[in-house]
Amino acid sequence: MDRILFGDNQFFGVNHMSEEKARQQLVRFKETSSIIRVLDDAYDMGIRTFMCTTHDRIGEICDHMRANPARYRDFVYYPCMPYAHKYANSVSQVGVLETIQRFSTGGVINTLVRGAVGAVTQDIYALMTLLIDAEMKRFEGLNTPVIFIQNVVTDLLLGLRLHPVFAEFARYVQERYHAEPGFITMNLPLLLGALEEVGVKNPIVCANINKIGFRMCGGIEAYVEALRNRRCRPIAMSVFASGAIAPAQAIEWVCKLEGLQSIVFGASSPANIRHTKTLIENAWGLSN
Amino acid sequence: MANDRWNESQSERASRLMRIGIVGAGKMGLSHYAIANALPNASVAAVCDTSRYILSVLRKYAGIETHTSYEEMIDQTRLDCIFIATPTSMHFECAKHALERDLHVFVEKPLTLSASESRTLADLAAQRGRVNMVGFHNRYIGTFREARRLLEAGALGRVTSIHGSAIGPVVVKQQASTWRSRKAEGGGCLHDYACHVVDLMNFLVGPPTKVFKARMQSIFSRNVEDAVSAEFEYRGGAVGTLETNWSDDSVRKMTTKINIQCTNGELAVDRQELKVRCGTAFDVYQEGWNTRWITDLQEGVAFYLRGEEYTAQVAAFLSSIRSGSVVHENSFASAYETDRVLDLIARADQAAA
């Protein structure tokens, strides 16, 4: 796993600090070509891994990469699924069963008669594989060595105490995609306990880790302790706490954490990408 | 407070596991389920829903007791409280039944579809001494709470006008029929969406005395409104406007904003950012414009699912049960005030038509 990963919030109007800024970003990245330009900037600076939500528009980015294999030879995707709003809106509109049918089109479910859907979906593991396959379809032929569950789903499963689903997810992505499972969470200490309980060993986990403890449930102390003492491969996200911490301070603090494996960050301008990358490289003593 | 249903002392109750029942396992029901279950000293004991599919999945994988009737669940299971997250039209009967059996009750917003039913529930809850809360989660967001603190302290002078708005991409094309597209069950922008803004405006400046103009407009929906606008008048002469539209896909998700003008300043607030212009310095605020962000205004929670506010409200509800206090944010009485305004909006719209 690379130590510096590139995130995608800036492309899809996600900004935890300002709704106005989120809207400006949505406008700026309306065209997929403008997203690709930023990815090119990051890639040309040596950031090869793109941690991306399985947003509808990611398909167009994948198409572009597939069409230019030489240009993107070392490009790596870490898909993060699902893009929850898509499902949540759909569940509110048409209900759970209809949603499953809606989003698994093109998958196995098309071959099933409508009446059989109920039977398949009684088995949530079978259902999960259908949804994973549907989400992974757009990444066909691309390099996806780690596949993540988004925090809203990870944390929902955690709260419902459906921990065996984590193990089943891990098994399936290893078997079907030869990928490692990843788990995004806002409740890292609690999640690590649950993963251990169901036998997911040395997991790749991604959580908010920042100097001010923003969205670090369980508290900074518990996080620092977990990073130091638990066998896991943690990726820090939201290291700037959406801009609440000055970049140099933020990176200095997070890079000192014992046990931290990688940092994922998002930026839109070449100057900002380079600045953050340099800060991390200097703090960790990585060579360019 | 009325005798406890299980004949125990407050200290016994404060230290043991809270037993929770969930009525309605849709998006909000499952969200409350997960949050309550993850909090210390609380556990979901039973779930009720009409979908046998959902119930069979929960029984099989979460090992939870399930029911298809809430009466049966309440009568057969030892519970301290229930969370009601059914279509709105069912809230009244279900909450009434639970209160009559001395359960503490959390109801998803809005409380009911009529102010008079909401009043009945508020009175019943007070009479039985049960903790009663409605899921207007915006009241637990740090930026809105700070705005209210400033207004209550009189830091900006007297309120002269308030503008509340919400836009989002809920119904952006014609769609299949669910309870949300049926007026009688609580569908439509007024009860399902605008209620949040009305409640937030009530939270910040108190309920209006008069709704003197309102329009409800269908954009894509056939049977319900997709946009609601209204004009309010407040005690003391302040005026207000409300604008909501859930058929707006210019944003990624529901975006709620409140602007308030005062005699000695103004503020603009959303879930992430609070901008305040102070006529005179107050507390940490300097004269002129100040901006504060959620990163510094939101208290942490023990478990995060979709936003701190969802956990904060569940935690506040459970902690009121433990402490035996029925004074808390989002009581049925406060939600009644919101439903009363919604009634007035619907009536003003009919009058205009």
Side-chain angles (χ1 to χ4, degrees), chain A residues 12-23 26-27 84-85 87-98 118 121-125 127 151-152 155-165 185-187 190 208 210 212-220 238 240-245, chain B residues 25-28 30-39 43-44 51-54 56-58 60-64 168-173 175-181 192 250-253 255-257 270-273 275 291 293-296 298 300-308 311:
Chain A
F12 302 124
V14 183
N15 186 296
H16 301 297
M17 196 83 151
S18 154
E19 301 205 332
E20 190 45 45
K21 199 161 174 217
R23 194 198 280 257
L26 261 187
V27 173
H85 281 290
Y87 290 95
N89 285 342
S90 172
V91 168
S92 294
Q93 285 160 16
V94 296
V96 173
L97 281 180
E98 192 68 28
T121 54
Q122 293 288 328
D123 178 349
I124 53 171
Y125 298 142
L127 172 62
N151 54 290
V152 66
D155 294 332
L156 180 68
L157 295 170
L158 192 60
L160 297 177
R161 295 185 194 145
L162 292 173
H163 304 170
V165 179
T185 181
M186 295 289 170
N187 307 282
L190 198 64
N208 274 26
N210 55 63
I212 61 171
F214 182 58
R215 300 219 163 122
M216 296 169 68
C217 287
I220 288 197
S238 206
F240 305 120
S242 299
I245 317 169
Chain B
K27 187 171 85 175
M28 289 316 300
L30 288 176
S31 164
H32 292 314
Y33 178 174
I35 290 169
N37 220 20
L39 291 176
S43 180
V44 173
S51 159
R52 289 184 187 276
Y53 164 63
I54 298 282
S56 76
V57 166
L58 288 173
K60 186 167 166 191
Y61 295 94
I64 193 94
V170 179
V171 179
V172 291
K173 53 176 187 248
Q175 35 186 232
S177 169
T178 70
W179 74 266
R180 286 175 201 274
S181 59
D192 204 12
S250 68
V251 287
R252 191 175 66 98
K253 57 180 183 179
T255 302
T256 305
K257 289 180 189 299
D270 59 40
R271 55 174 297 121
Q272 273 136 351
E273 203 172 16
K275 289 184 187 148
T291 305
W293 288 279
I294 190 69
T295 40
D296 133 61
Q298 187 76 45
V301 288
F303 178 75
Y304 182 103
L305 183 55
R306 302 159 59 217
E308 286 86 357
T311 307

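All values below were derived from every heavy atom in this structure, side-chain atoms included, with hydrogens, water molecules and symmetry-related copies excluded. The shown structure was predicted, so the numbers you read here are calculated from the model rather than taken from an experiment. Order of the sequence lines fixes the chain letters, A, B, ..., with proteins taken first and strands second; residue numbering starts at 1 for each chain.
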Query raised in the report: Does the side chain of A:Thr185 come under 3.5 Å of the side chain of A:Asp155 through a donor N or O and an acceptor N or O?
Result: yes

Report summary line: Ranked by heavy-atom pairs below 4.5 Å to chain B, first place among A:Val165, A:Val27, A:Leu26, A:Asn187 goes to A:Asn187

Query raised in the report: Is there a donor-acceptor pair under 3.5 Å between the side chain of B:Tyr61 and the backbone N or O of A:Ile124?
Result: yes

Query - Close aromatic pair by centroid cut-off 6.0 Å: A:Phe240 and A:Phe214 - result: no

Query raised in the report: Checking B:Thr295 side chain against A:Ala244 main chain: does a donor-acceptor pair fall under 3.5 Å?
Result: no

Report task. For the residue pair B:Arg306 and B:Met28, establish whether any side-chain heavy-atom pair is separated by less than 4.5 Å. Result -> yes

Requested in this report: Look at the side chain of B:Ser56 and the backbone N and O of B:Ile54, then say whether any donor-acceptor pair between them is shorter than 3.5 Å.
Outcome: no

Query raised in the report: Tell me, side chain or backbone of B:Ala302 under 4.5 Å from chain A's heavy atoms, or both, or neither?
Result: backbone

Requested in this report: Identify which part of A:Leu190 has an atom lying under 4.5 Å from any heavy atom of chain B, answering side chain, backbone, both or neither.
Outcome: side chain

**Report entry** Segment of B:Asn37 engaging chain A (4.5 angstrom heavy-atom cut-off)
**Finding:** both

**Report entry** Proximity breakdown for B:Ser51 and chain A, heavy-atom pairs closer than 4.5 Å
**Finding:** neither

Query raised in the report: What part of A:Leu156 gets closer than 4.5 Å to chain B, counting heavy atoms only: side chain, backbone, both or neither?
Result: both

**Report entry** Between B:Ile35, B:Leu58, B:Asp270, B:Ile294, the one whose heavy-atom pairs under 4.5 Å with chain A are most numerous
**Finding:** B:Asp270

